[in-house]
Amino acid sequence: MTDQTKGLLITFFGVLFVVPDSLFVRLIDADAWTIAFWRLLLAGGGTALYLLATSGTAPFRDMLATGRFGLIYMLGVGSSGVLFVLAVSLTSVANVVFIIASLPVFAAGFSRIFLAEPFSQRTLLTIAAVVPGLAVIAYGSGETSGASLSGDLLAFALSAMFAAALTAARHVRGTSMVPGVAMGYLIAALVVWPFATPLSVPVSQVPFVLGHGGFILISSVLLALGPRYITSAEVGLLVLLESVLAPLLAWLVIGENPGGHALIGGGIVIGALTVSNMVVLRRRRVLPTEV
C-alpha cells in the first residue's frame, strides 16, 4: 500500500466517523450544554489516554512548548467543539455543515492577515463563489423550518475559530497537534461543566452518549493521521463528504428536510470548494512533469 493510498483510506474513514456527529446531537435527549460536555470529555479524555499509552507525556510537552500558537490552537479546537453542538441545537444540520464547509475561506483570510500570505487568483475566485452560497443559506434560515439565523451565526463563529486554530498550527508544522485536540477538548469540557447537567442524561440515552464520544474520538485520531500521507487539497476534498452526507443522514434517519435554500446555497459552496481543490491537485500533478 502506497503512502497516498494509506492517507486516503485513513482520511476517508475519519470523515465517515464524523458524519453522524450532528445526528447524535439530535438523537440524545439532553440539553445542548450537557451534550457538549460529554462529547468533549469523552473525545478529549479518550485521545489523551491514547497518547499517554502510546507515546507518554512527550507529545503534550512538545505541544505546550509551542507557546501562544499552541494556546490559540487549543482555544480554537475547544471552542469549536462547543459551538458545533450549540449551532446544531439551534439551526438545521444542513445549514451547519454547509457553513462549516466555508472554513477554507476563513483560513485564507487569517493567513493573509497574520501570516502575510497573499491571496492567489484561485483563492479570490473561490471566495467570490462561496460568499453568495453562504448568503443564500442565511437568507433561507428565515423561511426554513428548524433553521434560524442565530444558529447560522454560531456555525460561522465555529468556522472562524477552527480556521484560526489551523492558522496557528501552520506556525508550528513540525509539532503534532493531536495533544492540542485532547487538551482543548478537556479544557472546554471544564468550562462547559457549570452550564451542563451531566447526570440528567437518561440511562436509555447512555449508548448514544458513548457512541457520540467514541465516533468523535476515532475521527479525531484518523483525521490527524491522514494528512501526514496526502496533500491538504486531497484532505479538503474528502472532508467535503461530511457536508454532503451529514444532511442526507439526518434527512434519512429523523426526516429533517434541509430545505431548498440550504441545498442551493450548499451546492454553490461545495461546488466552488471542489473545483478549487481539484485545480490545486491538477497543478501539483502537472508541475513535476514540466520540470
Side-chain angles (χ1 to χ4, degrees), residues 10-11 13-22 24-25 28 30 32-86 158 161-199 201 205-229 235 239 242:
I10 291 173
T11 305
F13 282 107
V15 171
L16 287 187
F17 273 96
V18 82
V19 167
D21 192 2
S22 51
F24 275 116
V25 176
I28 297 173
W33 293 106
T34 299
I35 295 173
F37 171 80
W38 282 116
R39 178 185 190 270
L40 294 163
L41 181 66
L42 292 173
T47 304
L49 290 175
Y50 167 79
L51 289 172
L52 289 171
T54 57
S55 307
T57 60
F60 296 95
R61 294 197 303 270
D62 292 341
M63 176 69 192
L64 293 175
T66 61
R68 66 179 182 277
F69 302 118
L71 292 176
I72 292 172
Y73 183 82
M74 287 188 286
L75 174 63
V77 169
S79 61
S80 65
V82 179
L83 290 170
F84 179 84
V85 177
L86 296 178
L158 186 168
M161 291 300 293
F162 201 78
L166 295 180
T167 304
R170 294 192 62 186
H171 277 276
V172 286
R173 293 189 182 97
T175 303
S176 171
M177 291 292 107
V178 178
V181 174
M183 291 187 285
Y185 277 1
L186 290 174
I187 292 171
L190 290 175
V191 173
V192 167
W193 193 0
F195 305 98
T197 52
L199 300 181
V201 178
Q205 297 289 299
V206 171
F208 287 126
V209 173
L210 294 176
H212 192 196
F215 269 66
I216 296 303
L217 166 61
I218 295 171
S219 175
S220 298
V221 173
L222 292 178
L223 290 177
L225 293 175
R228 294 183 180 182
Y229 305 102
V235 172
V239 170
E242 187 211 356

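Residues take their numbers from the sequence shown, with the count starting at 1.
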Candidate pair S79 and F162, rule side chain to side chain contact (heavy atoms under 4.5 Å, CB included), full reasoning:
CA-CA 8 Å; S79 61; F162 201 78; over 6 Å; no
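- Counting heavy atoms from C-beta outward, P198 and W193 have side chains that approach closer than 4.5 Å.
- Of the inter-residue distances, the one linking L217 atom CG with F17 atom CZ reads 10.0 Å to the nearest 0.5 angstrom.
- With contacts defined as side-chain heavy-atom distances shorter than 4.5 Å, the pair L41/L186 qualifies.
- F208 and F24 have perpendicular rings, their planes meeting at more than 60° on a 0 to 90° scale where under 30° would count as parallel.
- When side chains are defined from C-beta on, L42 does not count as touching Y185, because their heavy atoms never get closer than 4.5 Å.
- Residues V19 and F215 are not in side-chain contact: their nearest non-hydrogen atoms beyond the backbone lie 4.5 Å or more apart.
- Although no hydrogens or angles enter the test, the distance criterion places a donor-acceptor pair under 3.5 Å between the side chain of T34 and the main chain of T197.
- The minimum heavy-atom distance between A168 and I72, with the atom names listed, is CB-CG2, 3.7 Å.
- In this structure, V201 and V209 approach most closely via the heavy-atom pair CG1-CG2, 3.8 Å.
- Taking each heavy atom of V192 and W33 in turn, the nearest pair found is CG1-O, 3.3 Å.
- Expressed to the nearest 0.5 Å, how far NE2 of H212 lies from CD1 of I35 amounts to 7.5 Å.
- Interatomic distance, CH2 of W38 versus CD of Q205, reported as 13.5 Å (0.5 Å rounding).
- Of all heavy-atom pairs between S176 and M63, the closest is O-SD, 4.1 Å.
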Full working for side chain to side chain contact (heavy atoms under 4.5 Å, CB included) between M177 and V77:
CA-CA 10 Å; M177 291 292 107; V77 169; over 6 Å; no
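- You'll find the side chain of L52 reaches within 4.5 Å of the side chain of T57, heavy atoms only.
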Verify side chain to side chain contact (heavy atoms under 4.5 Å, CB included) between V82 and L40, making sure each step is shown before the conclusion.
CA-CA 8 Å; V82 179; L40 294 163; 3.6 Å; yes
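- You'll find the side chain of F60 stays beyond 4.5 Å of the side chain of S55, heavy atoms only.
- Across all their heavy atoms, A48 and A182 have their closest contact at N-CB, 3.8 Å.
- Scanning both residues, G76 and A165, for their nearest heavy atoms gives CA-CB, 4.0 Å.
- Looking at R39 and V25, their side chains never come closer than 4.5 Å, going by heavy atoms from C-beta outward.
- Rounded to the nearest 0.5 Å, atoms CG (L158) and CZ (F84) are 7.5 Å apart.
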Full working for side chain to side chain donor-acceptor pair (under 3.5 Å) between T66 and T175
CA-CA 8 Å; T66 61; T175 303; over 6 Å; no
